[in-house]
There are 2 protein chains.
Amino acid sequence: MKNITTPTTTIERLPLYYRYLEKVNSEGIEVISSKQLGDGLGIPSTQVRKDLSYYGEFGRRGVGYEVDVLMKNLKKILGLNNNWEIVLVGAGNLGQALVNYGGFKKLGLNINYVLDIAPDEIEGNLDEIEIYPMEKLNEVIRDNNIKIAIIAVPAEGAQEVANKLIDSGVEAIWNFAPTHLKLPEDIKVRDEDLSIGLISLSYYLSN
Amino acid sequence: MKNITTPTTTIERLPLYYRYLEKVNSEGIEVISSKQLGDGLGIPSTQVRKDLSYYGEFGRRGVGYEVDVLMKNLKKILGLNNNWEIVLVGAGNLGQALVNYGGFKKLGLNINYVLDIAPDEIEGNLDEIEIYPMEKLNEVIRDNNIKIAIIAVPAEGAQEVANKLIDSGVEAIWNFAPTHLKLPEDIKVRDEDLSIGLISLSYYLSN
DNA sequence: TAGATTGTTAATCGATTAACAATC
DNA sequence: TAGATTGTTAATCGATTAACAATC
């Protein structure tokens, strides 16, 4: 019976729901309807309900969703109870920005280890975190049983870094290098190709 | 007859094609098949051909695509001949990373103007670029006829910044603030919500 | 001619949306 | 009870893929 797979688009909306619930929760709101939740995010209420329905029945008909109940469920669904330890490879501008981005830590996503080919040459805003040389990659990942890695190195070096990460035990990669990584099927890769966003705006303004 | 609209997914793949062509071009390759192009990006050849077919017939049957011809066409389609001038609002870590990201300039996407609420307090890697105070927003945008803006301010301030940008004449916004902007229909917004990427990896590892 | 590869049609697959019974 | 809102089915819409004639 449960032969239905969750659409990938649904999975990408769940974090939005979670964050919006955090917001209304901090405002003291205790119950929210799919309409209100959707309006806050530009998503139809019918889609909100459909998305949630892949995971259970979290609301009450005629009433809505209890904010704290839905948050707790989404947190679990998204794996945010795991307190992930994450390694970042590449401490350039973008890497530093990611480490300093405040939003991750409170979600249980901790970028605790940073590596770079030239740790001594890094200038910027990473004063309080130790930067390891690339030679320590295997050690850092194995010793801390790290499963998630971020690649923020230039395109040329990304494939080699990815291979090493996987050899060391990493299972999921958030890839900011503008290149297609060829990796085993069971490794989860999320490409975050920043230039697509800006180029697509250029496209829309021109057409 | 031409009542067919291009899928949004196609539009997001065009930049990938363009960049891959740049790469093979720099390697001296003059002709490429849809199969080769697709393999380099993890995209089926049939999809490559379908995507391109929305814009014209760029290849030769039995032969493939001439790299420079296809590049020239894609460049035009993507609007990269326009030499866009772009304004960035918010010179924090992420904003600085975007300004210093090398890939944009060679695509004719020039982040030439940076604004921040506290221009004097910015420390980091923007030594060579002037940072304007927010009061100059309208002036900078109007005087330079800027159509594309990047928002890299905290979520709380993003809607207000977006409103001002649009009042000044901006038509497309690349939004890094983790919030849903409510804007007129004719304004093109691209949300680049960084936390989605990392949270979805957490999801996949947990399910 | 034989082999390769495009461009396009039709079939399939996946995601969104409308509609409404269930129920608070 | 009357009004509101969920959860779910079925219909629609959109995107991908298979297949193949056209043609180099």
Side-chain angles (χ1 to χ4, degrees), chain A residues 1-17 20-21 24 29-71 73-74 77 196 200 203-204, chain B residues 1-17 20-21 24 29-71 73-74 77 196 200 203-204:
Chain A
M1 195 130 193
K2 246 300 175 60
N3 213 355
I4 317 123
T5 57
T6 312
T8 56
T9 43
T10 290
I11 294 159
E12 306 207 337
R13 281 188 294 267
L14 298 180
L16 303 181
Y17 299 151
Y20 195 77
L21 291 169
V24 299
I29 292 165
E30 291 179 0
V31 174
I32 193 170
S33 70
S34 59
K35 178 87 168 54
Q36 292 169 313
L37 181 45
D39 284 352
L41 295 164
I43 295 169
S45 68
T46 183
Q47 184 145 74
V48 172
R49 296 200 299 280
K50 178 103 245 212
D51 285 343
L52 296 175
S53 77
Y54 290 105
Y55 301 96
E57 305 189 2
F58 304 119
R60 280 208 301 162
R61 289 164 196 240
V63 180
Y65 302 87
E66 275 187 61
V67 172
D68 58 351
V69 170
L70 189 50
M71 277 183 74
N73 279 286
L74 281 174
I77 292 163
I196 293 175
S200 72
Y203 171 91
Y204 287 114
Chain B
M1 194 133 191
K2 246 295 171 67
N3 214 354
I4 316 124
T5 57
T6 312
T8 56
T9 44
T10 291
I11 293 158
E12 307 209 335
R13 280 188 295 267
L14 298 180
L16 303 181
Y17 300 150
Y20 196 77
L21 291 168
V24 300
I29 291 165
E30 292 179 359
V31 175
I32 193 168
S33 69
S34 59
K35 177 86 168 55
Q36 292 169 313
L37 181 45
D39 284 352
L41 295 165
I43 294 168
S45 69
T46 183
Q47 183 144 76
V48 173
R49 297 201 298 283
K50 178 102 244 208
D51 284 343
L52 296 174
S53 77
Y54 290 103
Y55 301 96
E57 304 189 4
F58 305 119
R60 280 208 301 160
R61 290 165 196 242
V63 179
Y65 301 87
E66 274 187 62
V67 172
D68 58 351
V69 171
L70 190 49
M71 276 182 75
N73 278 286
L74 280 174
I77 293 162
I196 292 175
S200 72
Y203 171 90
Y204 286 114

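All values below come from the heavy atoms of this structure, side chains included, with hydrogens, waters and symmetry mates left out. Letters go in sequence order (proteins before strands), and every chain restarts at 1.
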Pairs under 3.5 angstrom, nitrogen or oxygen only, protein versus nucleotides 18-21 of chain C, please.
residue	atom	partner	partner atom	Å
C:dA18	N7	A:Thr46	OG1	3.4

Ordered by number, residues from residues 30-38 of chain B within less than 4.0 Å of DNA chain D (heavy atoms) are none
Check: Going by distance alone, is a donor N or O of one side chain under 3.5 Å from an acceptor N or O of the other, for B:Tyr55 and B:Asn73?
Finding: no
Could you tell me if the side chain of [Y] sits less than 4.5 Å from the side chain of [X], heavy atoms only?
X        : Y        : answer
A:Thr8   : B:Tyr204 : yes
B:Tyr20  : B:Ile32  : yes
A:Tyr54  : A:Pro7   : yes
A:Ser45  : A:Arg49  : yes
A:Tyr203 : B:Thr6   : yes

Reckon B:Ser45 touches a base, only the sugar-phosphate, or nothing at all at heavy-atom distances under 4.0 Å? nothing
Do any N or O atoms from the side chain of A:Gln47 and from the backbone of A:Pro44 form a donor-acceptor pair under 3.5 angstrom? no
Looking at [N], I'd like to know if its phosphate oxygens (OP1 or OP2) sit under 4.0 Å from a side-chain N or O belonging to [X].
X       : N      : value
B:Thr10 : D:dA15 : no
A:Tyr55 : D:dG7  : no
A:Tyr65 : D:dG7  : yes

Tightest non-hydrogen contact, residues A:Val48 and A:Gly38, listed as CG2-CA, 3.8 Å
B:Phe58 and B:Leu52 have their tightest heavy-atom pair at CE1-O, 3.6 Å
CD1 (A:Ile196) and CD1 (B:Ile11) are apart, to the nearest 0.5 Å, by 12.5 Å
In whole angstroms, how far is the [atom2] atom of [N] from the [atom1] atom of [X]?
X       : N      : atom1 : atom2 : result
B:Tyr54 : C:dT6  : OH    : P     : 17 Å
A:Ile43 : C:dT16 : CD1   : C1'   : 12 Å
B:Arg60 : D:dC24 : CZ    : P     : 8 Å
B:Leu52 : D:dT17 : CG    : P     : 15 Å
A:Asp51 : C:dT17 : CG    : P     : 11 Å
B:Phe58 : C:dG7  : CZ    : P     : 9 Å
B:Gln47 : C:dA11 : CD    : P     : 20 Å

Overall bend of the helix from C:dG3-D:dC24 to C:dC24-D:dG3 (five pairs an end, 10° steps) is 10°
- request: Go through A:Leu74 and A:Met71 one step at a time and tell me if the side chain to side chain contact (heavy atoms under 4.5 Å, CB included) criterion holds.
  value: CA-CA 5 Å; A:Leu74 281 174; A:Met71 277 183 74; 5.9 Å; no
Winner on side-chain proximity to B:Thr9, out of D:dG7, C:dG7, D:dT16, is D:dT16
Go through the steps to decide whether A:Leu37 and A:Ile43 satisfy the test side chain to side chain contact (heavy atoms under 4.5 Å, CB included), and finish with yes or no. CA-CA 8 Å; A:Leu37 181 45; A:Ile43 295 169; over 6 Å; no
